[in-house]
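The block underneath contains the structure these notes are about, expressed in structure tokens.
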Amino acid sequence: MSDKKTVKVKLVKSIAGTRESHRATVRGLGLRKLNSEATLEDTPSVRGMINKVSYLVKVL
């Protein structure tokens, strides 16, 4: 597993008042509450999800 590249993301802005699809994307990234963090495999699909909600999350 150590050879797999990972990316760590943190939810830094509330999802309240955002589009439903963006909320679903945040949940798909494994983020629940504000300041929650998730370590994910660095794949093009995950990168695309992060890019879609870039105004809500921070890559650590």
Side-chain angles (χ1 to χ4, degrees):
M1 179 84 181
S2 60
D3 59 337
K4 297 269 187 191
K5 295 261 189 260
T6 59
V7 60
K8 198 169 182 184
V9 291
K10 181 176 185 175
L11 187 62
V12 293
K13 193 168 184 280
S14 174
I15 60 169
T18 58
R19 289 170 177 250
E20 188 57 51
S21 63
H22 288 201
R23 278 182 245 168
T25 302
V26 168
R27 293 289 299 116
L29 287 169
L31 302 169
R32 293 171 186 271
K33 295 181 177 177
L34 203 57
N35 294 320
S36 62
E37 295 179 4
T39 305
L40 306 154
E41 199 175 316
D42 192 4
T43 61
S45 59
V46 169
R47 283 278 169 174
M49 290 168 77
I50 293 168
N51 194 43
K52 182 176 179 179
V53 293
S54 60
Y55 66 102
L56 296 173
V57 299
K58 182 179 183 180
V59 177
L60 304 173

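What you see is a predicted model; the values in this text were computed from it and never measured.
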Could you check if a side-chain atom of Thr6 sits within less than 4.5 angstrom of a side-chain atom of Asp42, using non-hydrogen atoms only? no
For [X], enumerate each residue passing the side-chain hydrogen bond (donor to acceptor under 3.5 Å, both in side chains) test, keeping only those at least two apart in sequence or located in another chain.
{"X": "Arg27", "answer": "none"}
{"X": "Thr18", "answer": "none"}
{"X": "Ser14", "answer": "none"}

Where is the tightest heavy-atom contact between Lys58 and Val12, given as atom of each residue plus distance? CB-CG1, 3.8 Å
Provide the closest heavy-atom pair for Ile50 versus Leu29 in the form atom of the first, atom of the second, distance. CG1-CD2, 4.1 Å
Please, which pairs that meet ring pair (Phe, Tyr, Trp, His ring centres under 6.0 Å) have at least one residue in residues 7-36, sequence neighbours excluded?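 Applying ring pair (Phe, Tyr, Trp, His ring centres under 6.0 Å) to every pair that reaches into residues 7-36, excluding sequence neighbours, yields His22-Tyr55.
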From OG1 (Thr25) to CD1 (Ile15), nearest 0.5 Å: 10.5 Å
Shared hydrophobic cluster, Val59 / Val46 (ILVMFWY, side-chain heavy atoms < 4.5 Å): yes
Report, one line per pair, each donor and acceptor closer than 3.5 Å where one atom sits in a side chain of residues 31-40; sequence neighbours left out.
| from | atom 1 | to | atom 2 | distance (Å) |
| --- | --- | --- | --- | --- |
| Ser36 | OG | Arg32 | N | 3.2 |
| Ser36 | OG | Lys33 | O | 2.7 |
| Glu37 | OE1 | Lys8 | NZ | 3.4 |

Of all residues at least two apart in sequence or in a different chain, which pass the side chain to side chain contact (heavy atoms under 4.5 Å, CB included) check with Ser21? Arg19, Lys52
